[in-house]
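Each remark here refers to the structure printed beneath this line.
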Amino acid sequence: MVTFFYNKSTLNDTLLISINNKPTIKVNSKNNFTYGVDSDNQLTFINIFECSKLLQIPEGYLFLDEPIKKLIQDNLQIDLSKYDIKTFKVGEVVKCEIIPNTHLHICKINIKNKVLPIVCGAENIALGLKVVVAQIGTIMPNGLLIKPNKLMNYESMGMICSKRELLITDRQFNDEGIIKLPNHFNVGDDFMNVYKNYLLVTKQFFARSFD
């Protein structure tokens, strides 16, 4: 799973790219680039310093797009595509029951190829919602690795995500609790890809509306 985060002021104009959370055993540097590898010689991270001199990108949580991919390929001869495992999925809540004497719910989330048991503490979780699911092995924007867990003796195999956890500022979605996706999002789709396209369509719509 490849995650990107960029904030010019707080990160000293550094683009942070996280690939996996295994221990880094070797760090290499080349010009504006520093990258690490694990014991299997697989990438763990890439940092791009003075990024604004190389790319014009927005701040926040980013997607693997062609300019970033080309920049890495041209300078490090590394193809990030093979590391970009799609672990954020559009899911549907097909079961949602309160865990007695707690604020938690045990949910069953359909992501098309399987149904995941997930414990969720959000107040706005409900049966039938379309949600964003971080599967086991996902690295969140803050570096958290999603692992199998057990809460109140209930197995939890993923996480239902909020805007804050995904660093999303889109006002089309609710601000509190987990993200409630519009019904036209399809169960099982890669969320980051459909969200990117959704943003593009939304921006084009508003651009036309105010012409």
Worksheet item: Does the side chain of Lys69 pick up a donor-acceptor pair with the side chain of Ser81 at under 3.5 Å?
Response: yes
Worksheet item: If you measure from CD1 on Ile57 to CD1 on Ile48, what distance do you get to the nearest 0.5 Å?
Response: 7.5 Å
Discussion item. Nearest 0.5 Å, please: how far is CE in Met159 from SG in Cys120?
Written reply: 9.5 Å
Fill in: Trace of the side chain to side chain contact (heavy atoms under 4.5 Å, CB included) decision for Phe88 with Met140
CA-CA 10 Å; Phe88 289 102; Met140 301 298 291; 3.8 Å; yes
Worksheet item: Atom CZ in Arg164, atom CD in Glu176: separation rounded to 0.5 Å?
Response: 9.5 Å
Worksheet item: Taking atom CG of Asp74 as the centre, does the number of heavy atoms from other residues, nucleotides or ligands within less than 6.0 Å exceed 12?
Response: yes
Practice prompt. Take Tyr154 and Leu104, measure what side chain to side chain contact (heavy atoms under 4.5 Å, CB included) needs, and give me the verdict at the end.
Written response: CA-CA 11 Å; Tyr154 290 91; Leu104 302 173; over 6 Å; no
Discussion item. Val131 and side chain to side chain contact (heavy atoms under 4.5 Å, CB included): which single residue from Ile179, Ile109, Val90 fits?
Written reply: Ile109
Worksheet, complete the sentence: Shortest non-hydrogen pair, Val187 vs Lys130, comes out as CG2-CE, 3.8 Å
Fill in: Side-chain touch Leu11/Phe5, heavy atoms, less than 4.5 angstrom
yes
Discussion item. Taking CG in Asn183 as the centre, count heavy atoms belonging to other residues, nucleotides or ligands within less than 6.0 Å. Is the count above 12?
Written reply: no
Discussion item. Would you say Ile106 ends up clustered with Val133 if hydrophobic residues are merged whenever their side chains have heavy atoms under 4.5 Å apart, either directly or through other cluster members?
Written reply: no
Item to complete: Kindly compute the distance separating SG (Cys107) from CG (Leu116), expressed to the nearest 0.5 Å.
Response: 11.5 Å
Practice prompt. Evaluate whether atom CD of Gln42 has more than 12 neighbouring non-hydrogen atoms of other residues, nucleotides or ligands under 6.0 angstrom away.
Written response: yes
Worksheet entry | Where Phe49 and Thr34 come nearest, the two heavy atoms and their spacing | CE1-OG1, 3.2 Å
Worksheet item: Is there a side-chain contact between Ser156 and Lys150 (heavy atoms, below 4.5 Å)?
Response: no
Practice prompt. Please report the shortest heavy-atom distance between Cys51 and Leu15, naming the atom on each side.
Written response: SG-CB, 3.7 Å
Worksheet item: Do the side chains of Val27 and Ile25 join up, straight or via other hydrophobic residues, at under 4.5 Å, putting them in one cluster?
Response: no
Worksheet item: How far apart are the closest heavy atoms of Val37 and Thr44, and which atoms are they?
Response: N-OG1, 3.8 Å
Practice prompt. Could you state whether Ile125 and Ile111 fall into the same hydrophobic cluster, counting links through intermediate Ile, Leu, Val, Met, Phe, Trp or Tyr residues with side-chain heavy atoms under 4.5 angstrom apart?
Written response: yes
Worksheet item: Out of curiosity, Leu129 CG to Asn124 CG, how far, rounded to the nearest 0.5 Å?
Response: 7.0 Å
Worksheet entry | Within-4.5 Å side-chain heavy-atom neighbours: Phe33 and Ile72 | yes
Worksheet item: With the 4.5 Å side-chain cut-off for hydrophobic clustering, are Val115 and Met157 part of the same group?
Response: no
Item to complete: Examine Phe45 and Leu145 and state if one hydrophobic cluster contains both, with Ile, Leu, Val, Met, Phe, Trp and Tyr joined whenever side-chain heavy atoms are less than 4.5 Å apart.
Response: no
Worksheet item: Looking only at heavy atoms, what is the nearest atom pair of Ile160 and Glu165, with distance?
Response: O-OE1, 3.8 Å
Worksheet entry | Where Cys96 and His105 come nearest, the two heavy atoms and their spacing | SG-CD2, 3.6 Å
Worksheet, complete the sentence: Across all chains, not counting sequence neighbours, the side chain to side chain donor-acceptor pair (under 3.5 Å) partners of Lys8 are none
Response to the item:
Distance col, row Leu76:CG vs Ile46:CD1, nearest 0.5 angstrom, shows 5.5 Å
Worksheet item: Side chains of Asp13 and Ser52: donor-acceptor distance under 3.5 Å anywhere?
Response: yes
